[in-house]
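Data block below; observations after.
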Amino acid sequence: MAENYYYTEKIETLPKTELKKLQFKRLKTLVNHCYTNSSFYKKKFDKLGLKPSDIKKLEDLRKIPFTVKTDLRDNYPLGMMAAKIGDVVEIHASSGTTGNPIIGPYTSNDMQNWKELMARTIYAAGGRKSDVIHNAYGYGLFTGGLGFHYGAQELGSLIVPISGGMTQRQIKLIMDLQATILCCTPSFAVYLAELMEKEGINPKDDLKLRVGLFGAEPWSERTRERISNELGLEPFDIYGLTELCGPGVSVECSQHDGLHIWEDHFLVETIDPKTGEVLSPGEEGELVFTTLTKTALPMLRFRTRDISVIKDDFCGCGRTHSRMLKIRGRSDDMLIIRGVNVFPSQIENAIMSFEELATQYQIVVDRPGALDIFAVKVELKDHIKQAQLGQDKLKARIRNKIRDITGLSAGVEIVAFGELPRSAGKAKHVIDLRKDKM
Ligand code: ADP
Ligand code: ZN
């Protein structure tokens, strides 16, 4: 018998009109659930005089206000939850480098949906029961490691739960266990390729890798080519975020023409990030998701800040679910450095705590090899002369402070007062040299 091309054929190829009907049915249930079980949403609805019964068609979704990241932070840890603790079986969290972490609770039903979505996702990239999946996404609170783990188990594949780090050992295990699928961040894949080359390993001859599932950070077409050539595998982009479930929101199919959003679970819109106006497919904007089936942490119109374009035309793979093009960037100033979220304002806070320093600063991020590096240039106060100061000690203190706040080690350069550029309008604190190389 021929092997199935889809993990869940009926739902993945459901005609668009049927898919929309299913979405509306689920949206109604979701809105009722939010209104009844979450004081956060009830308050929002009541303030607008909105009732769940006002949602009479799919387009009525637009009557519902957006949910934003700060809602989650302000209601830390579980103020937005719409389930009782007794019904929650697991939590995950974002890295939390920008203040309170965002906590994602799951009921057992949420877990089951997530597992199935991850199995469907891995399957869409060509993963099968017979595969050996090397999973180098971090395990623990981060959604990446366990998300892939559960998906692979659901699929029945062999998973190697190596998590992050220990790169030499990773290479040994990829070889010895003849891994066929590699799951990790794209920058880690590039790093693995670099190390393998140094060690005289030729992935095309010495390894069995055939598919890679790379996500959690933006990566370019150039990186895709590089990974594909150097590791001898077919890279697939995968997208997700803690607020929605983690990985498993969307994934590329073998056509590599955007990532199919699993629309039976996630209702997507694109909006103009400045005005909030809803855009049409084909127009670039901020992705906004509504989680149609989540119980513990349901999201109504969650603004991701991720910029992309939705394509809802026919895909050669036969799946009817719309695609999102590769994330183009973010609508805020957040940087992702080695997979860690960093806001310039955090660095600013660190710098401002030093009496010796003036207020000007510059953050320079670069990717000379496989990994990001970042450096912070700071200025001494007007009256302090370079020579007066134990510069190395000050540098070390600044470096420690930045590490405490961001978890990353930065290069620090101290210059004399007035050396950094001033600007009449908005200050340009960040120089991201990676963008030119992507
Ligand atoms: P953390 O804060 O720990 O990084 P998340 O894993 O929730 O938490 O981060 C989700 C964010 O990561 C997304 O909103 C998006 O900006 C980025 N991201 C995830 N997958 C991709 C991808 N495939 N391409 C580009 N960006 C991605
Ligand atoms: Zn497709």
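For Thr107 and Asp110, the side-chain atoms include at least one donor-acceptor pair closer than 3.5 Å. The closest side-chain donor-acceptor pair between Asn37 and Tyr41, if any, does not fall under 3.5 angstrom. For the 3.5 Å distance criterion, the side chains of Tyr106 and Asn113 fail to qualify, holding no donor opposite an acceptor. Between the side chains of Asn4 and Tyr123, not a single donor N or O lies within less than 3.5 Å of an accepting N or O. Tyr150 and Glu90 are linked by a side-chain donor-acceptor pair at a separation below 3.5 angstrom, with hydrogens and angles left out of the test. Looking at Lys16 and Ser322, their side chains do bring a donor and an acceptor atom within 3.5 Å of each other. A donor-acceptor contact closer than 3.5 angstrom is absent between the side chains of His265 and Glu263. Residues His260 and Glu12 have side chains that never bring a donor and an acceptor to within less than 3.5 angstrom of each other. Checking Thr143 against Trp114 by side-chain atom types alone, no donor-acceptor pair falls below 3.5 Å.
Separation of atoms SG (Cys184) and CG (Leu192) is listed at 5.5 Å; rounding is to 0.5 Å.
Classification of the Phe142-Tyr137 ring pair by plane angle, with boundaries at 30° and 60°, yields tilted. Using a 30° and 60° split on the angle between ring planes, Tyr361 and His429 fall in the parallel class, below 30°.
Asp313 places a side-chain heavy atom less than 4.5 Å from the side chain of Arg323.
Salt bridge present: Arg301 and Glu269 bring a charged side-chain N and a carboxylate O closer than 4.0 Å. For the pair Asp131 and Arg210, the salt-bridge criterion is met [side-chain N within less than 4.0 Å of a carboxylate O].
For the pair Arg303 and Phe66, the cation-pi test (distance below 6.0 Å, angle within 45°) is passed. Judged by the 6.0 Å distance and 45° axis criteria, Arg319 is not positioned over the aromatic ring of Tyr6.
Heavy atoms of other residues, nucleotides or ligands lying less than 6.0 angstrom from NZ of Lys326 number more than 12.
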